[in-house]
Amino acid sequence: MTNRFDPAASDSRWQERWDAADSFRADSASPKPKSYVLEMFPYPSGRIHMGHVRNYTMGDVLARYRRMQGFEVLHPMGWDAFGMPAENAAMEKKVHPGDWTRQNIATMRAQLKRLGFALDWSRELATCEPDYYGHEQALFLDLFEAGLVYRKESEVNWDPVDMTVLANEQVIDGRGWRSGALVERRKLSQWFLKITDFAEELLDGLKTLDDWPDKVRLMQENWIGKSRGLQFRFKRAEGGGEIEVFTTRPDTIFGASFVAISPGHPIAEALGAERADVAEFIARCRQGGTTAAEIETAEKLGFDTGLEVVHPLDPEWRLPVWIANFVLMDYGTGALFGVPAHDGRDFEFATKYGLPIRRVVAPSVGEANAAVTEAEIGAGVAVNSRFLDGLATPEATAEIIRRAEADGWGEGKTQYRLRDWGVSRQRYWGAPIPIIHCEGCGAVPVPREQLPVVLPEDVSFDVPGNPLDRHDAWRQVPCPQCSGSALRETDTLDTFVDSSWYFIRFASQPSDKPFDRAEAEAWLPVGQYIGGVEHAILHLLYARFWTRALERIGRLGMAEPFKGLFTQGMVTHETYRAGDGSWLSPGEVRRDGDDWIHIESGQPVTTGRVEKMSKSKKNVVDPDAIIDRYGADAVRWFMLSDSPPERDLEWSIGGIEGAARFVQRVWRLAASVDSGGSGSDAAIERKLHKSIAALGEAIEALQFNKAVATIYELVNAIEKAKPSATRDEAIRTLVKLVSPMAPHLAEEAWAMMGGKGLLVDAEWPSHDPALLIDDEVTVAVQVNGKLRETLTVPRGSPRDELERQALAAEKVARLIGDASPRKLIVVPDRLVNIVL
RNA sequence: GCCCCCGUGGCGGAAUGGUAGACGCGAUCGACUCAAAAUCGAUUGUCGCAAGACGUGUCCGUUCGAGUCGGACCGGGGGCACCA
């Protein structure tokens with residue numbers, strides 16, 4: 001028996017034992033109830049960071065707990081291995097994206113293994129391997145054949161110097177990040193998935209996701225952005241043609257003072273082709289980036305085309321047609337009518353360009369002519385609106401839609417903000433889109449027997465742009481239909497496609513098809529999915545869509561892939577800056593009283609905000625170094641301690657040291673077992689059973705900070721207890737209870753105490769409900785709601801007995817004095833409140 | 001601008017409308033030690049010698065009783081659509 005638990009020796013010993021016993025292999029054929037615990041798989045960026053450790057530790061605790069409860073647990077790990085950083089590395093370091101990625105995977109896999117996660121490594125997958133993305137190509141073709149894939153023109157950021165497409169994050173202040181050239185928008189023909197076909201059911205489905213955070217459901221709801229309104233047409237005053245608009249406020253139709261069309265609207269483009277001034281204005285609108293932040297801060301620009309349209313409810317009423325930079329082509333119809341009095345943006349626009357501002361909604365009919373000093377966007381009653389006058393906003397809205405439909409100039413419509421999912425990426429390091437373009441036959445799917453379409457390895461990155469475009473040997477293929485010469489699609493799939501079905505492939509991975517339906521359905525939906533909130537919208541929405549699409553084409557019998565979702569907070573760290581403003585890493589500074597100084601120079605250091613660990617701010621702590629020093633279990637324990645898991649966790653050296661101390665405390669308790677104690681100890685027995693119950697509840701609710709506190713309380717109680725048989729038993733149980741969180745320590749302690757077999761195979765301790773209830777309770781005695789005394793009485797003492805004892809208490813009697821209580825509130829076993 | 005979340009000791013945080021501050025970190029004192037580390041014990045919301053008073057961002061309300069419920073405000077953080 002040793003005095004100290006030695007993680008350096010112990011961690012790898014038990015990891016090897018679990019491996020040898022195949023402890024974490026998930027058996028799809030097992031008769032046990034199944035539980036699928038999944039954490040979002042990592043991008044192999046180089047090394048594991050603390051955020052990964054926190055994420056995977058949480059999932060691991062749940063997986064190990066479920067396993068001990070008797071579930072057959074699927075807890076897999078893989079790699080979201082396609083993406084831009086690999087191509088950037090290729091350009092900067094002259095390495096092949098595949099070599100770079102596979103090297104990172106090897107490094108990170110080794111790092112994960114050091115943490116002793118209960119993962120089924122036999123199911124490991126990497127999305128960059130043909131045995132994964134080949135099946136993805138087959139699924140893409142399934143969706144293609146089902147009519148859920150189509151091609152359309154769409155704008156991309158184009159770098160005119162590097163001659164390459166840029167992602168939003170590669171556009172810095174409107175310029176290409178490498179070339180520095182002003183970015184242009186360019187139209188390309190691209191592939192889209194019809195996610196908008198599923199808008200309504202994706203929205204409806206959110207209601208069934210009870211085990212998701214409300215926050216995420218709300219974010220998805222807002223993203224889908226359903227709204228009801230009126231779609232209608234303005235006739236061109238010049239004759240010949242109409243402009244169709246959509247509005248959610250048809251009740252304000254008599255407040256219209258202009259019609260605005262998007263610079264991308266066909267009418268705008270047609271005018272631009274004829275008139276230099278229009279073309280110039282459109283070009284101005286297209287300057288600058290496409291990100292939300294940039295558009296939001298952009299000044300509103302308008303151009304009066306001189307065209308006019310006729311108001312649908314008054315043939316004499318003409319409205320001017322403007323081109324406006326704030327009108328989006330891909331929402332609604334790309335055109336709108338402006339009601340300055342009741343829309344903030346229209347108000348600003350009308351004020352700038354001197355357009356009429358007419359009140360048509362007021363708090364009451366009597367205020368019909370009150371001045372409009374700012375946009376009043378709330379509901380009220382219609383005024384100055386002819387036949388709508390006096391109607392409340394909802395009624396006015398219904399009435400105008402009814403009339404539009406009756407008179408045939410418009411119809412009620414549901415509009416979604418959600419747009420179809422563009423999946424084409426003009427990049428090498430992604431799954432090739434399995435399409436062949438033939439001049440005669442058009443876009444032809446690659447025949448199934450030719451899948452996978454494998455990425456060629458012999459590519460170079462010395463020139464910007466997609467190397468596939470330059471790889472003629474790979475591109476040039478015969479057309480599958482006419483055998484004429486044809487070209488492969490050189491765009492690759494968005495990496496969100498890769499992550500939209502990996503959880504299905506984890507559950508079932510036959511070599512000849514993407515998954516076996518029965519096997520996949522045995523595991524899915526994922527019982528608990530854990531990951532960062534940064535994926536609250538895109539990844540989770542795309543995965544939900546993909547699952548529904550597979551359901552629609554009859555491949556999978558479920559609508560929702562993730563039953564439970566948990567979004568964990570980030571791991572943060574204080575930041576440090578030297579006098580010259582440069583960032584310093586935690587290892588370069590040390591504390592000096594209340595100040596911090598730079599170790600090397602001795603200069604003072606300013607501490608900055610606590611922020612997410614990031615390389616750019618140098619506030620990262622490498623998990624490997626911490627494991628070397630403190631062992632895997634201390635790291636795991638700290639990741640679970642203190643902060644509620646959905647909130648940020650601030651890394652601190654004190655925190656990890658406290659965790660390491662705890663590991664040793666448990667070890668010392670285990671070492672003290674069977675040291676001669678006998679007899680029973682009712683208090684410890686109760687504490688133990690209460691702890692088992694509380695711990696189970698906390699783990700199920702993923703409240704790991706509370707789980708940790710529960711364990712601490714138990715350890716404190718056992719340490720203080722005198723030796724007894726009960727105490728020995730409590731220590732054995734304690735070791736089981738900590739095993740999901742600190743598995744290496746638990747196994748080592750279990751073995752030291754002479755436990756049989758691997759603890760990982762042990763049953764989760766059960767608790768006796770009878771022992772959760774104390775015989776004696778402490779009852780609070782309040783006078784006028786303030787605590788004055790407490791009573792210790794037998795559980796279930798009658799009300800009159802509680803009253804009697806409360807009134808008899810010395811402090812209480814003194815406060816009451818001569819007064820007689822007006823009222824006595826008695827909550828049995830809890831409190832007595834004496835109201836004077 | 002809109003939407004959402006959060007404000008509790010020196011710090012992270014507990015608390016079915018019912019004894020605020022569990023648990024951890026830090027700190028102070030003590031024990032052990034030649035000394036240190038490790039460990040153990042005690043104390044630790046504020047004011048006060050004490051009795052006691054005050055105390056969950058601020059104000060108002062509901063209630064016998066509010067950290068918890070409602071309203072208004074202040075502060076911090078996050079998300080996002082020029083979405084008609």
Side-chain angles (χ1 to χ4, degrees), chain A residues 3-4 213-216 218-219 221-223 225-227 229-231 245-250 252 260 262 292-298 300 324-328 330-339 342-346 348-349 375 377 415-419 533-534 536-537 569 609 637-638 641-644 646-650 652-659 661-662 664-665 668 694 703 705-716 719-720 778-791 811 814 821-827 829-836:
Chain A
N3 293 332
R4 290 182 64 79
D214 291 340
K215 178 186 173 178
V216 174
L218 186 71
M219 285 165 83
E221 192 181 318
N222 291 339
W223 189 262
K226 180 181 181 175
S227 58
L230 175 68
Q231 187 152 318
V245 299
F246 173 77
T247 178
T248 55
R249 288 299 299 278
T252 63
S262 164
E294 266 185 277
I295 291 168
E296 230 167 289
T297 50
K300 289 175 181 39
N325 65 341
F326 61 83
V327 182
L328 302 179
D330 43 10
Y331 180 79
T333 60
L336 57 89
F337 70 92
V339 184
H342 305 292
D343 182 281
R345 196 189 44 223
D346 295 350
E348 196 182 321
F349 191 78
I377 57 174
Q415 188 68 241
Y416 298 93
R417 200 193 71 104
L418 183 68
R419 296 173 207 151
V533 74
E534 67 272 19
I537 298 178
R609 290 183 13 157
W637 187 257
F638 177 53
S641 307
D642 294 349
S643 285
E646 67 278 9
R647 288 206 217 157
D648 290 352
L649 170 71
E650 188 184 345
S652 73
I653 199 73
I656 183 67
E657 283 177 350
R661 269 201 300 274
F662 166 79
Q664 298 301 339
R665 278 174 77 191
R668 283 193 300 274
Q703 296 174 324
N705 57 324
K706 288 200 229 167
V708 162
T710 300
I711 300 259
Y712 271 119
E713 280 192 64
L714 178 61
V715 167
N716 288 344
E719 280 179 347
K720 288 190 170 65
T778 305
V779 171
V781 179
Q782 299 178 336
V783 177
N784 287 337
K786 286 192 173 164
L787 180 76
R788 298 298 177 183
E789 188 58 278
T790 58
L791 306 172
K811 277 187 193 168
R814 195 170 43 191
R822 281 198 294 129
K823 203 170 177 184
L824 280 166
I825 312 275
V826 180
V827 182
D829 294 339
R830 286 224 77 120
L831 66 69
V832 178
N833 188 11
I834 298 158
V835 186
L836 294 179

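The sequence lines fix the lettering, A, B, ..., with proteins before strands; numbering per chain opens at 1.
The distance between atom CG of N784(A) and atom P of U63(B), rounded to the nearest whole Å, is 16 Å. Atom NZ of K720(A) is separated from atom C1' of C40(B) by 10 Å (rounded to the nearest Å). When rounded to the nearest whole Å, the span between CG of D829(A) and P of G18(B) equals 15 Å. The NZ-P distance, from K706(A) to G13(B), rounds to 14 Å in whole Å. Atom CG of L787(A) is separated from atom P of U19(B) by 8 Å (rounded to the nearest Å). Protein atom CD of Q782(A) is 13 Å distant from nucleotide atom P of C64(B), rounded to whole Å.
A close approach under 4.0 Å does not occur between any side-chain nitrogen or oxygen of K786(A) and OP1 or OP2 of U19(B). Here R788(A) does not reach the OP1 or OP2 of G65(B): none of its side-chain N or O atoms lies under 4.0 Å away. Proximity of R417(A) to the phosphate of A84(B): no side-chain N or O atom is located under 4.0 Å from OP1 or OP2. Considering only side-chain N and O atoms, R830(A) lies under 4.0 angstrom from the phosphate OP1 or OP2 of U19(B). Proximity of R647(A) to the phosphate of G76(B): no side-chain N or O atom is located under 4.0 Å from OP1 or OP2.
G9(B): glycosidic angle within 90° of 0, hence syn.
Side-chain proximity of A780(A) to C64(B), U19(B), G13(B): nearest is U19(B). Here U19(B) is the nucleotide among U19(B), U39(B), C80(B) with the atom lying nearest to any side-chain atom of T790(A). Comparing A14(B), G18(B), U19(B) by their closest approach to the side chain of P644(A) singles out A14(B). Here A84(B) is the nucleotide among A84(B), G13(B), U19(B) with the atom lying nearest to any side-chain atom of T247(A).
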Heteroatom pairs (N/O) under 3.5 angstrom, protein to nucleotides 23-27 of chain B:
unit_1: G24(B); atom_1: OP1; unit_2: N716(A); atom_2: ND2; d: 3.3
unit_1: C25(B); atom_1: OP1; unit_2: R661(A); atom_2: NH2; d: 3.0
unit_1: G26(B); atom_1: OP2; unit_2: R661(A); atom_2: NH2; d: 3.2

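Nucleotides G10(B) and U58(B) place their P atoms 14 Å apart, quoted to the nearest Å.
When ring centroids are compared, W637(A) and Y712(A) come within the 6.0 Å threshold.
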Give every donor-acceptor pair under 3.5 Å between a side-chain atom in residues 783-790 of chain A and any protein atom, sequence neighbours left out.
unit_1: N784(A); atom_1: OD1; unit_2: L836(A); atom_2: N; d: 2.9

Worksheet item: Could you spell out the base pairing of RNA chain B in dot-bracket, with Watson-Crick or G-U pairs whose two distances are under 3.5 Å, [ ] crossing and | to another strand?
Response: (((((((..(((.....[....)))((((((.......))))))(((....)))..(((((..]....))))))))))))....
